[in-house]
Structures are given as C-alpha cells and as structure tokens.
Asker: 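A single structure is presented below for examination.
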Amino acid sequence: MKTISDAVVSRLNKYMAEKNLTQYKLAQLSGIPFPTIKSILQHRTKDITLKTVILLAYGLGISPSEFIADSSFDYENLTL
C-alpha cells in the first residue's frame, strides 16, 4: 500500500523522465519553490495538498485529472 505522497512522487518521476525535466525546471514551470519540489521527491513532504497537485500538473503540461489517472491513486491501493 502506498501513501498519497508515494503516489505523487511516483507520477512525478514518471512525467519528469518522459519530459526530460529537472527538479529546478519543474519548479520554474509550476511556480512551486525548488526546495518544496526537492522535499516532495525525497519523501520528506507527507501532506501534499490538492493545490500542489494542480500546480505540479500545470508545470508538467498535463491536467490534474491526467496526473491522478493511475491505479496508484485508487482507494484500495492507498493507505489513507
């Protein structure tokens, strides 16, 4: 079972690799400070807000619904 934070990190890693984005570039594109991006990817940020997910998706050039359209976000696969 994954936490929401784990699922977000997994999706971020996938899209950043596909789009060849660095953490710094994602910070620029999303408007989220670089230290926050780094903290999320290092699993140090546990409570990721919907606002953050929306900004991350925007920075990745996708919709928030596309970002969470993954089985790792299904209720039965998460520890809530």
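These values consider heavy atoms only, across backbone and side chains, with no hydrogens, waters or symmetry-generated copies. Just so you know, these numbers come straight off a predicted model, no measurement behind them.
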Asker: Going by salt bridge (Lys or Arg N to Asp or Glu O under 4.0 Å), name the pairs with one or both residues in residues 41-50, residues two or more places apart or in two chains.
Answerer: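 For residues 41-50: none.
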Asker: Any link between Tyr58 and Ile40 through a network of hydrophobic side chains (Ile, Leu, Val, Met, Phe, Trp, Tyr) touching at under 4.5 Å?
Answerer: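 No, it is not one cluster - the side chains of Tyr58 and Ile40 are not joined through contacts under 4.5 Å.
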Asker: Show me the donor-acceptor pairs within less than 3.5 Å that the side chains of residues 26-34 make with the rest of the protein, sequence neighbours left out.
Answerer:
residue : atom : partner : partner atom : Å
Ser30   : OG   : Leu26   : O            : 2.8
Ser30   : OG   : Ile32   : N            : 3.2

Asker: In chain order, what residues pass the side chain to side chain donor-acceptor pair (under 3.5 Å) check against Ser5, with sequence neighbours excluded?
Answerer: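 Ser5 satisfies side chain to side chain donor-acceptor pair (under 3.5 Å) with no residue once adjacent residues are dropped.
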Asker: With rounding to the nearest 0.5 Å, note down the distance linking CG in Asn13 to CG in Leu41.
Answerer: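 Rounded to the nearest 0.5 Å, the CG-CG separation comes out at 5.5 Å.
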Asker: Which residues pass the side chain to side chain donor-acceptor pair (under 3.5 Å) test with Ser39, sequence neighbours left out?
Answerer: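 With sequence neighbours excluded, Ser39 shows a side chain to side chain donor-acceptor pair (under 3.5 Å) to Thr45, given in chain and number order.
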Asker: Between atom CG of Leu78 and atom CG of Asp6, what is the distance when rounded to the nearest 0.5 Å?
Answerer: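 The CG atom of Asp6 is 9.0 Å from CG of Leu78, to the nearest 0.5 Å.
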Asker: Are more than 12 heavy atoms, taken from residues, nucleotides or ligands other than Lys38, located less than 6.0 Å from that residue's NZ atom?
Answerer: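 No, not enclosed.
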Asker: Taking side chain to side chain donor-acceptor pair (under 3.5 Å) as the test, write out the residues that go with Thr22, two or more places apart.
Answerer: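 Partners of Thr22 by the side chain to side chain donor-acceptor pair (under 3.5 Å) criterion come out as none, since no residue qualifies.
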Asker: Using side-chain heavy atoms (C-beta onward) and a distance below 4.5 Å, is Met16 in contact with Leu60?
Answerer: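 Met16 vs Leu60: side chains touch.
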Asker: Can you list the other members of the hydrophobic cluster that holds Ile54, where links are side-chain heavy atoms under 4.5 angstrom apart?
Answerer: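 Same cluster as Ile54: Leu50.
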Asker: I'd like to check the side chain to side chain contact (heavy atoms under 4.5 Å, CB included) partners of Ile68; sequence neighbours left out, ordered by chain and number.
Answerer: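 If we apply the side chain to side chain contact (heavy atoms under 4.5 Å, CB included) test to Ile68, skipping adjacent residues, the hits are Val53, Phe73.
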Asker: May I have all residue pairs that pass side chain to side chain donor-acceptor pair (under 3.5 Å) and include part of residues 66-80, sequence neighbours excluded?
Answerer: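 The answer is Arg11-Asp70, Asp70-Ser72.
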Asker: Quick one: do Tyr15 and Ile48 end up in the same hydrophobic cluster if we chain Ile, Leu, Val, Met, Phe, Trp and Tyr together by side-chain heavy atoms under 4.5 Å apart?
Answerer: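 They do share one cluster, since a chain of ILVMFWY contacts under 4.5 Å joins Tyr15 to Ile48.
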Asker: Rounded to the nearest 0.5 Å, how far does OG1 of Thr3 lie from CG of Leu80?
Answerer: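 Between Leu80 CG and Thr3 OG1, I get 9.5 Å after rounding to 0.5 Å.
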Asker: With salt bridge (Lys or Arg N to Asp or Glu O under 4.0 Å) as the rule and sequence neighbours excluded, what pairs involving residues 14-23 come up?
Answerer: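 Output for this query lists Lys14-Glu18.
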Asker: Apply side chain to side chain donor-acceptor pair (under 3.5 Å) to Thr36 and list each qualifying residue two or more places apart in sequence or on a separate chain.
Answerer: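 So Thr36 forms no side chain to side chain donor-acceptor pair (under 3.5 Å) with any residue.
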